[in-house]
Amino acid sequence: MPLHAAVHFLNVGWGDAHLIHAPSGNVTLIDGGDGLLASHRDHPLSWLKREGFERLDWMILTHLHEDHLNGLLDVARSLPVVQAVLPYEIPVMDMEAPESEAAGLELSSPQSRVLVILAAYRELIRLLREQGTAIRWRSEYGSAGGSTIWEEGPYRLDHLYPWAADPLPGLEVLREAARGGKLASEEWLAQLEGFFDRSNDDSSVYRLEEAGAEGEGILFGGDLLAAGWERLSERTDLSCCVLKAPHHGLDDAFNGQLLSAAAPAHAVIPISIDRSQPMEERWSELCSPRGTAYHLTGASAPMEKKRLISGSIEAWIGG
């Protein structure tokens with residue numbers, strides 16, 4: 001067991017999978033990546049098995065996109081999960097397309113991708129309920145006085161966004177679609193496409209801190225976009241030592257305003273090396289003047305690790 005809390009940002013390609021190993025031995029997984037296996041990348045289930053864990057204490061999903069969701073299914077099929085924090089229950093809707101309509105949907109179309117995402121999310125919930133996991137919806141942690149997911153010794157994991165008054169554009173799309181009837185409606189199809197575009201606006205943000213060292217913790221930014229960060233920064237001091245950059249470092253989320261508000265020493269960008277190349281010049285221009293070092297999860301091969309910070313909270317790329 002570690003003497004301090006340790007955070008591992010795994011290389012899962014274009015996706016997020018982050019593990020918190022507490023001094024007690026308890027492990028929290030925030031997102032699971034897309035679930036694909038390859039020799040040059042890791043998987044949270046592989047990490048858990050390598051480290052000898054026979055259960056997962058906390059499973060957290062920030063939002064409904066496959067590059068955060070799918071790897072959680074592999075974990076839920078293979079290991080007991082004690083507790084889970086999930087975004088929300090999805091509205092009941094007709095998930096079955098008439099054959100003529102389904103045949104007209106290409107597998108890569110946004111509408112088809114949303115149907116697959118929603119089916120995967122329903123399957124995750126089914127798997128967790130089947131094994132007796134205590135499922136909590138993140139709305140239980142949606143206020144200043146009730147945002148703590150867990151507290152262990154001096155360490156605390158808090159849910160910072162969204163709270164009760166924050167908009168949820170993606171969920172609202174699903175509610176509209178549920179009122180819209182069957183898949184045969186072209187308008188309903190268009191609404192499904194809208195969910196894929198807006199699910200990032202629904203993303204959660206979490207923070208790990210040690211008591212007495214506020215402002216020196218780790219901020220897990222999910223895929224929350226700029227408008228959400230503006231709302232969050234108005235009510236919360238975002239200062240941190242390590243920022244998990246939101247939305248793979250894209251400019252709709254990872255910008256100068258956020259870096260100025262958080263003032264991190266390190267920014268971790270979850271992205272593969274090949275997809276990072278067009279953006280590295282922009283990241284250098286953003287980070288260098290602010291004294292922030294940025295790191296790519298894709299730079300670490302499986303079982304390799306690079307220490308970012310040591311002390312009461314350790315942070316590693318890989319593991």
Side-chain angles (χ1 to χ4, degrees), residues 16 18 30-31 60-65 67-69 85-91 117 121 136-150 156-177 191 194-209 214-270 282-283 286-287 290 292 294:
D16 281 32
H18 320 303
I30 301 178
D31 291 333
I60 296 175
L61 175 63
T62 58
H63 66 295
L64 277 62
H65 270 164
D67 58 329
H68 298 250
L69 165 62
V85 181
L86 302 179
Y88 40 63
E89 292 187 90
I90 56 177
I117 289 168
Y121 186 52
R136 293 174 167 82
W137 310 111
R138 67 183 178 193
S139 57
E140 296 182 32
Y141 306 99
S143 65
S147 64
T148 299
I149 304 295
W150 54 254
R156 186 178 72 248
L157 183 69
D158 286 324
H159 173 252
L160 301 185
Y161 191 94
W163 283 0
D166 294 321
L168 296 172
L171 178 58
E172 187 53 37
V173 167
L174 295 181
R175 288 171 174 161
E176 288 294 325
Q191 289 172 337
F195 173 78
F196 189 83
D197 294 337
R198 294 173 188 155
S199 183
N200 287 331
D201 290 298
D202 288 2
S203 179
S204 290
V205 174
Y206 291 90
R207 179 167 59 197
L208 175 68
E209 281 190 326
E214 287 76 14
E216 299 176 18
I218 297 180
L219 194 60
F220 300 90
D223 274 1
L224 186 64
L225 303 185
W229 285 107
E230 290 176 13
R231 280 186 290 273
L232 178 55
S233 64
E234 289 175 357
R235 66 170 180 248
T236 303
D237 182 355
L238 298 179
S239 299
C240 61
C241 183
V242 178
L243 168 67
K244 197 294 296 181
H247 203 205
H248 315 283
L250 297 180
D251 59 7
D252 57 1
F254 186 53
N255 56 33
Q257 290 89 336
L258 174 56
L259 278 175
S260 295
H266 302 273
V268 175
I269 303 175
R282 176 180 167 271
W283 294 333
L286 272 176
C287 294
R290 296 175 172 85
T292 299
Y294 74 87

Determine the minimum heavy-atom distance between [X] and [Y], stating which atoms define it.
X      : Y      : answer
Tyr141 : His159 : O-ND1, 3.1 Å
Ser203 : Tyr161 : O-CD2, 3.5 Å
Pro246 : Gly221 : CB-O, 3.7 Å
Phe254 : Ala267 : CZ-CB, 4.0 Å
Phe195 : Gly170 : CD1-O, 3.2 Å

Verify the distance criterion only: is there a donor paired with an acceptor across the side chains of His63 and Asp223 at less than 3.5 Å?
yes
For Asp158, give me all partners under salt bridge (charged side-chain N to carboxylate O under 4.0 Å, His left out), at least two apart in sequence or on another chain.
Arg156
Counting N and O atoms only, with roles assigned by atom type, does the side chain of [X] sit under 3.5 Å from a partner on the main chain of [Y], one being a donor and the other an acceptor?
X      : Y      : value
Trp283 : Tyr294 : no
Arg138 : Thr62  : yes
Glu209 : Gly215 : yes
Trp150 : Leu157 : no

Against Leu168, only a single residue in Ser139, Ser199, Pro162, Pro87 fulfils side-chain contact (heavy atoms from CB on, under 4.5 Å); can you say which?
Pro162
Test Leu243 against every option in Ile218, Leu258, Val268, Ile269 by the side-chain contact (heavy atoms from CB on, under 4.5 Å) rule and name the one that passes.
Leu258
Working for side chain to side chain contact (heavy atoms under 4.5 Å, CB included), residues Asp16 and Phe220
CA-CA 10 Å; Asp16 281 32; Phe220 300 90; over 6 Å; no
Run the side chain to side chain contact (heavy atoms under 4.5 Å, CB included) check on Arg207 and Cys240 step by step: do they pass?
CA-CA 9 Å; Arg207 179 167 59 197; Cys240 61; 5.6 Å; no
First locate atom [atom1] of [X], then atom [atom2] of [Y], and finally report the distance between them rounded to the nearest 0.5 Å.
X      : Y      : atom1 : atom2 : value
Glu140 : Ser147 : CD    : OG    : 13.0 Å
Leu208 : Cys241 : CG    : SG    : 11.5 Å
Leu225 : Asn255 : CG    : CG    : 10.5 Å
Ser239 : Leu219 : OG    : CG    : 9.5 Å
Asn200 : His68  : CG    : NE2   : 7.0 Å
Ile60  : Ile30  : CD1   : CD1   : 4.5 Å

Lys/Arg-Asp/Glu bridge criterion (N-O < 4.0 Å) met for Asp31, Lys244:
no
Would Gln257 and Trp229 satisfy side chain to side chain contact (heavy atoms under 4.5 Å, CB included), going step by step from the backbone distance to the final call?
CA-CA 9 Å; Gln257 290 89 336; Trp229 285 107; over 6 Å; no
Going through the distances and angles, do Leu64 and Asp202 end up as a side chain to side chain contact (heavy atoms under 4.5 Å, CB included)?
CA-CA 9 Å; Leu64 277 62; Asp202 288 2; over 6 Å; no
Taking side-chain hydrogen bond (donor to acceptor under 3.5 Å, both in side chains) as the definition, give me every residue that meets it alongside Asp197, ordered by chain and number, with sequence neighbours left out.
none
Pairs satisfying ring pair (Phe, Tyr, Trp, His ring centres under 6.0 Å), at least one member in residues 230-249, at least two apart
Trp14-His248
Taking everything shown except Arg198 itself, do over 12 heavy atoms lie less than 6.0 Å from its CZ?
no
Geometric class of the Tyr121/Tyr88 ring pair [parallel <30°, tilted 30-60°, perpendicular >60°]:
perpendicular
